2 protein chains.
Amino acid sequence: VNFKLLGTAAGGGFPQWNCACSLCDLSRKLPELVRPRLQQQALFSSAAAGLFLINASPDIRFQIEANPELHPRSHQGKRNTPIQGIILTSADLDQVLGLLLLREFQPLTVYATNLVRQTLEANTFLRMLERVPNQLSWVEIHPGKPFALAGNITCTPIPLPGSLPYYAGVRGASDQASLGVLLEADGVRLAYTPAVPEVSPALRSIYDSCDAIMVDGTFWSDTELNRTDPATPLARSIGHVPMSGEDGTIALLANVGARQKIFIHINNTNPVLDPRSDEYKFVIDAGWRIGQDGWQLN
Amino acid sequence: VNFKLLGTAAGGGFPQWNCACSLCDLSRKLPELVRPRLQQQALFSSAAAGLFLINASPDIRFQIEANPELHPRSHQGKRNTPIQGIILTSADLDQVLGLLLLREFQPLTVYATNLVRQTLEANTFLRMLERVPNQLSWVEIHPGKPFALAGNITCTPIPLPGSLPYYAGVRGASDQASLGVLLEADGVRLAYTPAVPEVSPALRSIYDSCDAIMVDGTFWSDTELNRTDPATPLARSIGHVPMSGEDGTIALLANVGARQKIFIHINNTNPVLDPRSDEYKFVIDAGWRIGQDGWQLN
């Protein structure tokens, strides 16, 4: 299986449009040092199954143009796409807005839980994907239940506790609101979890079985947002275990079996974005990597 | 008044994500010759009034980062924006999706007709702009009725016949669905009309009074889309007077008084995108220019 990160920033991207913090500032002034990042996005593919996206970020148009394997093929008619399907891990705008950029009457297949589908179908903008018959095809997926893609990739939605985004107007946790993805193909296992609200024994056990794990790297510390704006919440209260501390992901996953451990979904406030920082050094010394746009599993 | 084009492509941008036509192909292979374009977007500003956007394209994050005058200011606190307001000319996704990228609890002021506001407020995603008090402030505007921005810019919504986008689920024309914008400041008059369904005497008279006009350059000919895909509609039937022909914009506006005549909102199918084409030469010889991303009025 081929797996590629097309974006590694949390929602808003890096730099963030209205942020003049020292990290955003550096990414504008010294982009060769503190690299800008597109919003979290991944693809995977195999010769037999074709190419799939995990989520559809608001930056998807630029992610398509920057990666030739996502371009339409000139020998297949004027309008076409190599994208066979899109697997949604939540209904968050940062994960779904890109669907609205994949219009132009192109047939799309979207894999989602029933709850995520209902949340999106309640939105009027989605009607732009339903203008002609078979433009948008939904495939229902279930937490913990594997499904096959063209026979040679197995995809298992990893259940994670979570709730629908604010815009859905629905409170309370559901096992259908937020997922990770476990991919298995050609004897390789990879876990993709951009939002990790807690490292449960079940999740740890999945990570342990994998060759590569992509783990929520949104925040370095629980109080990181507070330091930019005292009115903002703690990392854990919005569903993200931070990297640092005794109960952070680095400590909790210190002995996990995966050969490659990569942080993704990095918020513009996270000091690891500066490779000169002590925090960056700590991550690398602990055997982790900070995901980069364009990184491929090999 | 300062006026700048931040994007000059019709909806979908150029190249378009699923299009392998010869123009899109060229923009990917020879971008220095056939230049890629971001989706239609403009800004204007004055020292007294500050900076305003006309619409909010899906590419707005990249348009902000590419134009330093849109960056937050590091001496004004960590979170801020120079954007004083956003004037909406329609509820089309290509003009409004960018609003959803201007989140992060930043106060926004949006100028729109009551109909456009209602259409957007019916959309669940917009709730992400209404999470804290005063995050989203609406200012109602009326076709044909001038309003002042900080005393030194006068903005007049130009009424154009049109209907709401498909997703609104409402049929029929309304004078509130689609507007142009007439800007007046420091003795300069500029008309901005990315969608022109007909060149009425009233519109012609506005153009005649202007120093610079930005005119719908979506299509070269009425049948242009048909040639890519026979199932697609004629240019005029979807609200765009084409450039060419006896009843095209070039002929109809041949003797208009404006000193600068610029085509904007150019679709990926329009042959003028290739500067080697006969159509491009025709446009230039007729005294028009093809708008470029980054072009400024001077």
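Chain A is the first sequence line, chain B the second, and so forth, proteins listed ahead of strands; every chain is numbered from 1. This one's a predicted model, so the numbers in the text were calculated from it and none came from an experiment. All values below come from the heavy atoms of this structure, side chains included, with hydrogens, waters and symmetry mates left out.
With a 4.5 Å cut-off on non-hydrogen atoms, A:Glu104 touches chain B through its backbone and its side chain both. At a 4.5 Å heavy-atom cutoff, the contact between A:Leu120 and chain B is made by side-chain atoms alone. Proximity to chain B (any heavy atom under 4.5 Å) is shown, for A:Asp92, by neither the backbone nor the side chain. If you measure heavy-atom distances from A:Ser27 to chain B, you find no contacts under 4.5 Å at all. Only the side chain of A:Phe62 comes within contact range of chain B, with at least one heavy atom under 4.5 Å from a heavy atom of that chain. Only the side chain of A:Leu97 comes within contact range of chain B, with heavy atoms under 4.5 Å apart. Contact of A:Arg28 with chain B is made through the side chain alone, with heavy-atom distances under 4.5 Å.
Scanning both residues, A:Ser74 and B:Ala20, for their nearest heavy atoms gives CA-CB, 3.7 Å. The shortest non-hydrogen separation linking A:Cys19 to B:Pro72 is O-CG, 3.3 Å.
Distance NZ/A:Lys78 to SG/B:Cys24: 10.5 Å, rounded to 0.5 Å. Distance check, rounded to the nearest 0.5 Å: CD of B:Gln63 to CH2 of A:Trp17 gives 13.5 Å.
Salt bridge status for B:Arg103 with A:Asp94: present, with a side-chain N to carboxylate O gap under 4.0 Å.
Annotation: side chain of A:Gln16 is not in contact with side chain of B:Arg61 (no heavy-atom distance under 4.5 Å).
A:Tyr166 does not carry B:Arg127 over the face of its six-membered ring by the limits of under 6.0 Å from the centre and within 45° of the normal.
Taking the six-membered ring for Trp and thresholds of 30 and 60 degrees, A:Tyr167 and B:Phe125 have ring planes more than 60 degrees apart, a perpendicular arrangement.
Contact tally against chain B (heavy-atom pairs below 4.5 Å) for A:Gln39, A:Arg73, A:Glu130, A:His71: the top residue is A:His71. Ranking B:Gly13, B:Pro58, B:Pro15, B:Ala122 against chain A, the residue ahead of the rest is B:Pro15, based on heavy-atom pairs under 4.5 Å. Between chain A and the residues B:Leu101, B:Ile83, B:Val132, the most heavy-atom pairs under 4.5 angstrom are made by B:Leu101. Between chain B and the residues A:Ile60, A:Thr119, A:Asp59, the most heavy-atom pairs under 4.5 angstrom are made by A:Asp59. Heavy-atom pairs under 4.5 Å with chain B were tallied for A:Asp25, A:Leu102, A:Leu126; the largest tally goes to A:Leu102.
Within a 6.0 Å radius of CZ in A:Arg35, other residues, nucleotides and ligands contribute 12 heavy atoms or fewer.
Side chains of B:Asn123 and A:Thr124: a donor on one and an acceptor on the other come within 3.5 Å. In this structure, a donor-acceptor pair under 3.5 Å is present between the side chains of B:Asn18 and A:Gln106.
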